[in-house]
Structure formats: C-alpha cells, structure tokens
Participant: 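The structure that follows is given in the form of structure tokens.
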Amino acid sequence: MIPRLHFNHSAASPCPPEARAAIADHLALEQAIGPVEAAIAVAPRLAAMHRTAEALVGAAPGQVAFTEGQGRALSFVASGLRLSPGDRILCAPSEWGGTVSAFEAVAAEAGATVEAIPMTPDHLTDLDALAKMLDERVRLVSVTSVSVSGTAIQPIAAIAALAQTVGALVAVDASQSIGWLPLDMGLQGIDILTASGRKYLQGPRGVALLGLSARAQEILHPPPPDDYSARQSDALRWESAEYSYATRLGFGAALDLRAATVARLGAELIATATRLERALLTVPGLRLIRPNGGTTPAIGPLVAFEIAGQEPGAVQRALHGEGINIAANLASYAPYLFAALGRESLLRASVHQGIGDDEIDRLGAALKRLSA
C-alpha cells in the first residue's frame with residue numbers, strides 16, 4: 001500500500017508519538033486508580049503545562065487558559081464583550097470566517113457593528129485605513145495573524161499600537177502561526193489570543209489556548225462559573241471542571257516538543273514550503289495565490305494556489321483518491337480575503353516536518369496528471 005501523504009497540516013497535523021503516549025498513559029492510569037484519583041495525581045503536570053504555554057506566547061503567569069477548541073475560546077471572547085448599541089468591532093482582512101460569524105451574532109443582538117478593514121495589494125491590513133476607522137466606539141480590533149490560505153503575515157504590533165490609541169482591545173487568532181512563528185503577547189500588544197492546538201503544535205483535537213492580558217481579564221465577562229472556575233481569580237476563570245484529561249495531557253506533551261523550537265521550526269518549514277512552491281510552479285496552469293509568489297521565498301508553511309480550468313474541490317477529491325491530502329478552502333473560511341481576491345475557493349497545501357523532496361515530487365506529479 002502506498003503511504004498517504006499529508007499536505008494538510010494547517011487543518012490538523014497528526015500527533016507525535018510523545019503525545020499519543022501521554023494520552024494512552026493517562027487512560028491507563030484512570031483504569032488503574034480511578035478517573036478522579038488520576039486527575040488529582042496529574043494536577044501538578046497540568047499546572048506546569050500552563051507555565052509552558054505562557055512562555056510560548058509571551059504571557060505573564062495566570063494569563064493563559066485551555067479550552068476545548070479555538071471556536072470555544074472565541075465564543076467566550078465574543079459573549080464576554082457585552083456590547084452596547086453603537087459599539088464597533090473592526091476585523092482584519094485575514095479574519096477567519098468563524099470569528100466573523102461569532103462577532104456578527106453578538107453585534108446583531110446588541111445593535112453593534114462588525115466592519116472589515118481594507119486590504120493592501122500585499123494582502124496586509126491597511127494601516128492607514130485602520131487609523132481613519134478608529135474612534136472611541138471601537139471596542140475591539142481583531143486580526144487573524146496568518147489567514148487560512150497563508151498569503152501574508154499580518155503586522156500585529158503595528159495594528160495593536162493603532163488600536164491602543166482609542167483604548168480598543170486587540171484580539172489575535174494565532175491558530176495558523178503558533179508553533180512556527182514567534183509570538184509575544186506583551187511585546188506585540190495582544191490583549192486576547194486564541195490558538196488551536198491541533199495544527200503546527202501537533203496536539204490532539206479538542207484543545208486550544210486562550211490568552212488574556214490583565215486588561216482583558218478586567219474588561220471581558222467570563223462565562224458562567226462551575227465548581228472549578230468559581231474558585232479561580234485569573235485566566236482559569238475561563239476554564240471548566242470537565243474535559244478530557246488524557247487529551248489535554250497529550251497536548252502538553254506536544255507543547256513541550258514545540259516550546260523551545262519555534263524559530264528553528266519556522267525556518268525549516270519555510271524552506272520546505274519554498275521548495276514546494278517551486279515544484280508547484282512546474283505544473284501547467286498553476287498559479288500561486290500570494291504576492292510575489294515564486295519570486296521570493298515562501299512566507300510560511302501554507303501554500304495557496306489554483307489551477308486554470310480546475311475546480312478546487314474536484315482537485316482535492318482526485319488527490320485524495322491517490323492518497324494525498326490537501327485542502328480546498330472555501331470563501332466562507334476567510335470571507336474578507338476571498339472577497340478581495342475575487343475567489344470562491346482555493347487549493348492549499350501545507351507542510352510540516354516529515355515532508356521532503358520525495359513527497360513534494362509525488363504531489364507535483366499527481367497535479368501534473370490532473371492538469372494534463
């Protein structure tokens with residue numbers, strides 16, 4: 001059987017052996033001594049995981065919570081804003097569609113608005129336009145640091161500096177960048193950070209980070225407390241008593257692997273993505289969807305492209321039949337970006353460790369057969 005190739009790490013990356021072992025070990029411990037007793041036994045390990053996560057994202061102690069997914073973390077943020085009529089939320093052009101939907105729902109209830117910040121030709125947030133949009137009614141400026149199609153890295157610190165001139169909170173979705181792109185909540189001026197653990201951190205599904213600055217913890221309303229969160233006084237007020245301990249410990253093992261290797265992994269994955277882009281450009285009719293595509297090194301491990309005359313979903317399905325996983329991103333995944341690009345869907349291949357020249361050649365050969 002030909003091994004399946006996974007070029008969809010930016011959707012979810014398979015867990016490393018250490019994470020799988022941690023999950024299995026905790027399930028065995030629950031079986032041996034009882035689930036509640038096992039939870040008590042691993043409490044020090046769970047506390048240490050918070051310290052590791054705080055160091056990874058440049059947060060102070062007590063500023064990181066774990067949730068059951070990035071969507072859950074974002075819903076806590078959206079509902080916790082407690083918007084009033086006339087309030088405004090500004091979203092970067094890279095914004096994840098789920099974020100837009102969550103903010104639009106709470107804004108509609110409150111009589112507030114959600115507005116898109118224009119995009120520059122380089123797919124970046126237009127800082128001049130943002131400066132003109134800001135006023136005292138802006139409660140939040142939200143930005144996805146690297147979009148689902150990976151066409152640009154947004155200037156987080158510059159966006160935050162502008163937002164702070166009117167006292168707005170700054171929220172960043174780092175799901176597509178955490179693990180390979182250095183991140184520092186304090187230095188970059190981030191008040192709220194959400195990040196999935198299942199992509200470049202390679203944790204199991206069902207765990208995400210929620211970073212909350214001291215200011216965000218003062219302004220946001222936490223979700224209704226349970227018996228655990230009612231006893232907390234920091235970001236742990238956004239956690240709950242009930243979750244999969246095994247899954248969370250598996251995430252801890254993955255977190256340990258990535259915590260000290262972000263810059264090195266980023267350089268490695270960008271080099272791999274650059275080789276991938278060069279190979280893709282040999283496919284007839286293929287076009288990279290990023291500024292200066294093919295003339296400069298890749299900007300990250302996500303590579304968005306299209307093939308003339310080929311519907312992205314059909315290409316994805318055909319490759320799946322050949323044992324190759326890639327993504328076909330829909331406009332709903334990043335509505336502002338896709339509207340600016342004038343596209344309904346795009347193809348995306350994303351790399352991680354374990355993708356080498358042989359794997360890239362196999363993907364390129366398959367695409368050439370499809371485009372013939």
Side-chain angles (χ1 to χ4, degrees), residues 5-11 92-97 116 118-126 144-154 176-177 180-181 269-352 355-372:
L5 293 186
H6 192 65
F7 279 92
N8 201 17
H9 293 277
S10 54
S94 58
E95 202 71 293
W96 166 241
M119 185 175 80
T120 71
D122 291 333
H123 297 190
L124 298 172
T125 300
D126 188 327
T144 298
S145 60
V146 175
S147 80
V148 68
S149 293
T151 62
I153 298 172
Q154 298 300 318
Q176 295 293 3
S177 58
W180 67 268
L181 188 66
L269 297 187
I270 288 171
T272 302
T274 299
R275 296 200 304 274
L276 172 61
E277 285 190 348
R278 290 171 182 162
L280 291 177
L281 287 172
T282 67
V283 176
L286 188 145
R287 176 176 175 267
L288 299 177
I289 307 298
R290 72 168 178 88
N292 305 311
T295 63
T296 59
I299 63 166
L302 300 80
V303 177
F305 62 97
E306 60 187 358
I307 302 174
Q310 300 283 342
E311 194 274 319
V315 173
Q316 179 195 37
R317 292 188 294 272
L319 288 175
H320 189 270
E322 294 199 31
I324 302 174
N325 300 334
I326 68 166
N329 289 345
L330 303 177
S332 59
Y333 296 178
Y336 302 147
L337 172 65
F338 276 71
L341 295 177
R343 301 289 194 283
E344 291 297 325
S345 59
L346 292 171
L347 291 162
R348 183 194 67 201
S350 49
V351 302
H352 210 303
I355 296 291
D357 291 340
D358 289 346
E359 290 76 16
I360 290 172
D361 288 346
R362 183 175 156 196
L363 173 60
L367 288 171
K368 286 177 181 177
R369 288 193 296 273
L370 290 174
S371 63

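Note that the structure is a prediction, hence the values are computed from the model and not measured.
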Participant: Decide yes or no for Leu330 and Glu344: does some side-chain heavy atom of the first lie under 4.5 Å from some side-chain heavy atom of the second?
Facilitator: no
Participant: Can you find a pair of side-chain heavy atoms, one from Leu319 and one from Leu363, that are under 4.5 Å apart?
Facilitator: yes
Participant: What I'd like to find out is whether the side chain of Gln154 reaches to under 4.5 Å of the side chain of Thr144, using heavy atoms alone.
Facilitator: no
Participant: Sequence neighbours excluded, which residues qualify as salt bridge (charged side-chain N to carboxylate O under 4.0 Å, His left out) partners of Arg369?
Facilitator: Glu322
Participant: Could you tell me whether Glu311 atom CD has more than 12 heavy atoms of other residues or ligands within 6.0 Å of it?
Facilitator: yes
Participant: Which pair of non-hydrogen atoms, one from Gly300 and one from Ala273, has the smallest distance, and what is that distance?
Facilitator: O-CB, 3.2 Å
Participant: For Glu277 and Thr296, work out which heavy atoms get closest and say how close.
Facilitator: OE1-O, 4.1 Å
Participant: For Tyr336, give me all partners under ring-ring contact (aromatic ring centres under 6.0 Å, His included), at least two apart in sequence or on another chain.
Facilitator: none
Participant: Taking side-chain hydrogen bond (donor to acceptor under 3.5 Å, both in side chains) as the test, write out the residues that go with Thr282, two or more places apart.
Facilitator: Lys368
Participant: For Ile355 and Thr272, work out which heavy atoms get closest and say how close.
Facilitator: O-CG2, 3.6 Å
Participant: The criterion is side-chain hydrogen bond (donor to acceptor under 3.5 Å, both in side chains); which residues satisfy it with Asp357, sequence neighbours excluded?
Facilitator: Arg275
Participant: Are side-chain heavy atoms of Leu367 and Val315 found at a separation under 4.5 Å?
Facilitator: yes
Participant: For His352, check side-chain hydrogen bond (donor to acceptor under 3.5 Å, both in side chains) against everything at least two apart and list the hits.
Facilitator: none
Participant: Once rounded to the nearest 0.5 Å, what's the spacing between atom CD1 of Ile270 and atom CG of Leu276?
Facilitator: 13.5 Å
Participant: Identify the heavy atoms of Gly150 and Ile299 that sit nearest to each other, and give their distance.
Facilitator: O-CD1, 3.2 Å
Participant: Is Arg287 atom CZ crowded by more than 12 heavy atoms from other residues, nucleotides or ligands, each under 6.0 Å away?
Facilitator: yes
Participant: Write down the atom of Ser149, the atom of Asn329, and the distance for their closest heavy-atom approach.
Facilitator: OG-ND2, 3.3 Å
Participant: Report yes if the side chains of Leu346 and Leu341 come closer than 4.5 Å at any heavy-atom pair, otherwise no.
Facilitator: yes
Participant: With sequence neighbours excluded, what pairs up with Ser145 under the side-chain hydrogen bond (donor to acceptor under 3.5 Å, both in side chains) test?
Facilitator: Ser177
